[in-house]
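These values consider heavy atoms only, across backbone and side chains, with no hydrogens, waters or symmetry-generated copies. Quick note on labels: first sequence line is chain A, next is B, and so on, each numbered from 1.
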2 protein chains.
Amino acid sequence: MAITIRDVAEAAGVSTATVSRALRGLAHVDPQTRARVEQVAKEMDYVVSPSASRLASGRTGTIAVIAPFIARWFFSTVLSGVENVLQGSDIDLLVFEVGDPAVQYRIPPERRLRGRVDGLLVVSLPSDESAVADLLSLGMPVSLIGSAAPGVPSVSIDDVAAGRVATQHLINIGHERIGIITGQPNPTGFTPADDRRRGYVAALDEAGLVTRPEYEGHGYFTVAGGEQAMTGLLALAKPPTAVFAASDEMGFGAIRALQRHGLRPGHDVAVVGIDGHDLADLLDLTTVVQPVRDLGRMATEALLTQLSLPTADRSQVAVATTVPTTLVVRGSTVPSTQTVVQRQVVTR
Amino acid sequence: MAITIRDVAEAAGVSTATVSRALRGLAHVDPQTRARVEQVAKEMDYVVSPSASRLASGRTGTIAVIAPFIARWFFSTVLSGVENVLQGSDIDLLVFEVGDPAVQYRIPPERRLRGRVDGLLVVSLPSDESAVADLLSLGMPVSLIGSAAPGVPSVSIDDVAAGRVATQHLINIGHERIGIITGQPNPTGFTPADDRRRGYVAALDEAGLVTRPEYEGHGYFTVAGGEQAMTGLLALAKPPTAVFAASDEMGFGAIRALQRHGLRPGHDVAVVGIDGHDLADLLDLTTVVQPVRDLGRMATEALLTQLSLPTADRSQVAVATTVPTTLVVRGSTVPSTQTVVQRQVVTR
DNA sequence: TTGTAAGCGTTATCAT
DNA sequence: ATGATAACGCTTACAA
């Protein structure tokens, strides 16, 4: 069997209690003693048993990320940000993939969470009341990423503003027939999608432009979906001259559809997305960039802070952090030889 | 506090031992008793304490994925496959991001692994002896994904064959000046990169074509790297007419470089990649498709099988599983109106 | 088939 | 500052 704390205690000539205190850096330990214990522990290659430690302390030293998908760009990038912060700590990361929030948000059953983790990072949760309630009922700190809900801390962009900025850009460069490619046909309680659409409508309204129902396509946040939606729009008697895709991946699909129809993005039909996907530059897609990795980082740091606090001090006041976005103009809206970058700070 | 096994035992009028046995589906439990215990447990909303269970049993019910990156397509797709298999089990998934294998493969220290997990899934491990040794020294089952090493079970494609197929395709369509964009300048012990390059060389040799050192660029498996490498190749007095990129992402970069130079992929310079990236279709990139998600799935299933076996039965014989790839021909090598798909089964 | 009870390896409370 | 010693909640021989 492995070395236990008792072995170390005997070898160092102290009690297990002292070893425990010394190794965890607690106060009230003689520097000499601590040094000796650390020395012995290292020599014996002692590693604390996490199960025993967890059982005795009641803390798991683990947090979980709950996301609809793992393989898609946005989610894997968030995950990477989370992991990045965790490297510096001693916290373990558990991952749960729960499927499309618009279809069914299969929250991992309590039994998979309770007693296993100290806190939760939930990505793109629908603002559906019950989903939040289920999670909060576990009684542990929860941080939302990429969406917000009343009463829960969150880190995200201002999606309404992002939708407005994207649409406004299309208006600015002279378009009047502006379509949108969003996720689902009807509001599904999936905040980002609904909010971005709201921003689009607001921008059109403010510019005195009409919103036509037939100019709304649904791409389900995938490349293939975006392509289908754009194809549908192109089939209209009077197609839009510009399209706002609520995500870069749907924007890519739109570009693909244009290519298939022999149309040039930017020249024939303008396309703008949201995300700042790694490959947006490659595909020359204008997009509203959000700092995705930072979203993951910030939410994780916030969660770790919560966890380091005594339970009583964990503020009941949920802080909804909104991070700024940047409109990056590329050839899909302004076909020119040079790329223009405008800094767009979102305030609220 | 939460409900404990003792509470359930009392409520059901049996001992804790019986509750434990009943709930875990062990044999030698009266069906009536089991039913009653299950009933009571559900009513009381009892969830076993993982820490206590782990401490007592010595098993963690957790496996870890160790990968260089999380956010890149290949890795997040593998991860998704792993998670997919785990959904059906009661096993938890821990994730560690360890950085570029060609630079430094920062294996999580023993202390982060020992006692925390029952098995390891290692993605794209360099075939470096010591790295493997470190991992194996933990004495738990290890499965490799996307690379292979002697004496360790693994799931991957035949990278040499993949490189050969890609290069052969370029030869078949008439190219003679064929370049390669690979990862690092020198063999780094990172198997897939080295092997794909080997396949490239073999194909050229077999066709009686010369390998020119200046036709080898290095893209470090990123889009930006691929673009730089291709730019370098284009600057040659006599640039290659075709390029084999050892990954789709580097292929994307190559396409970007061509675009920037006003050259058309497929028409002016042919490009072929390896991976079957989600966006390869969008970018019209010919590629050798590997079933990435399945790689993750298969390796996970193999690992779970190992774990379900008594320690003694875990075969010392490492099984290296090689899965077939498919060459998908697109416009980046054969600019035509229709896409041709050839099934290429790799045998060995 | 079921119960008893000894661990499993720490942490944390009291003393000292 | 350090030591004894109860928990912590479950699993698992060993008995019955």
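Nucleotide D:dG9 holds its P atom 16 Å from the CG atom of B:L23, rounded to whole Å. Rounded to whole Å, the distance from CZ on B:R116 to C1' on C:dG9 is 14 Å. Between the CG atom of A:L55 and the C1' atom of C:dT10 there is a distance of 8 Å, rounded to whole Å. Here the C1' atom of nucleotide C:dT11 and the CG atom of A:L26 are 10 Å apart, to the nearest Å. Residue B:I3 contributes atom CD1, which lies 13 Å from atom C1' of D:dG9 at whole-angstrom precision. Distance CZ (B:R54) to C1' (D:dC10): 13 Å, rounded to an integer number of Å. Straight-line distance from the CD1 atom of A:I5 to the P atom of D:dA4: 14 Å, rounded to whole Å.
For the pair A:T77 and A:F75, the minimum side-chain heavy-atom distance is 4.5 Å or more. In this structure the side chain of A:S156 never reaches within 4.5 angstrom of the side chain of A:L144, judged on heavy atoms.
OP1 or OP2 of C:dT11 has at least one side-chain nitrogen or oxygen of A:S20 nearer than 4.0 Å. Taking side-chain N and O atoms only, A:R59 has no distance below 4.0 Å to OP1 or OP2 of C:dT10. Phosphate proximity of C:dT10 to A:S57: absent, as no side-chain N or O sits under 4.0 Å from OP1 or OP2. Taking only side-chain nitrogens and oxygens, A:R24 never comes nearer than 4.0 Å to OP1 or OP2 of C:dT10.
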Tabulated below should be each protein N or O lying under 3.5 Å from an N or O of nucleotides 3-7 of chain C; please produce it.
| residue | atom | partner | partner atom | Å |
| --- | --- | --- | --- | --- |
| C:dG3 | OP2 | B:S15 | N | 2.9 |
| C:dG3 | OP2 | B:S15 | OG | 3.2 |
| C:dG3 | OP2 | B:T18 | OG1 | 2.7 |
| C:dG3 | N7 | B:R21 | NH2 | 2.8 |
| C:dG3 | O6 | B:R21 | NH1 | 3.1 |

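Take A:T18 and apply the side chain to side chain donor-acceptor pair (under 3.5 Å) test, not counting sequence neighbours, and it matches A:S15. Remark: A:R6 pairs with no residue by the side chain to side chain donor-acceptor pair (under 3.5 Å) rule, at least two apart or across chains. Residues forming a salt bridge (Lys or Arg N to Asp or Glu O under 4.0 Å) with B:R297 (at least two apart in sequence, or on another chain): B:D294. Qualifying side chain to side chain donor-acceptor pair (under 3.5 Å) partners for B:S80, counting only residues two or more places apart in sequence or in other chains: B:R293. Residues passing the side chain to side chain donor-acceptor pair (under 3.5 Å) test with A:T60 are A:D118, sequence neighbours excluded.
A heavy-atom distance below 4.0 Å to DNA chain C is reached by these residues of residues 28-41 of chain B, ordered by number: B:H28, B:V29, B:D30, B:T33.
Applying the salt bridge (Lys or Arg N to Asp or Glu O under 4.0 Å) definition to pairs two or more places apart or across chains, those involving residues 46-60 of chain B are B:R54-B:D92. For residues 37-51 of chain B, the salt bridge (Lys or Arg N to Asp or Glu O under 4.0 Å) pairs, not counting sequence neighbours, are A:R114-B:D45. Pairs engaging residues 71-91 of chain B under the salt bridge (Lys or Arg N to Asp or Glu O under 4.0 Å) rule: A:R112-B:D90 [sequence neighbours left out]. The side-chain hydrogen bond (donor to acceptor under 3.5 Å, both in side chains) analysis of residues 22-34 of chain B, with sequence neighbours excluded, yields the pairs B:S20-B:R24.
Each end of the helix from C:dT1-D:dA16 to C:dT16-D:dA1 gets its own axis from five base pairs, and the two axes differ in direction by 30°, given to 10 degrees.
Of the possible donor and acceptor atoms, none in the side chain of B:Q290 sits under 3.5 Å from a partner among the backbone N and O of B:D159.
Across all strands, B:V8 comes closer than 4.0 Å to no nucleic acid atom at all (heavy-atom distances).
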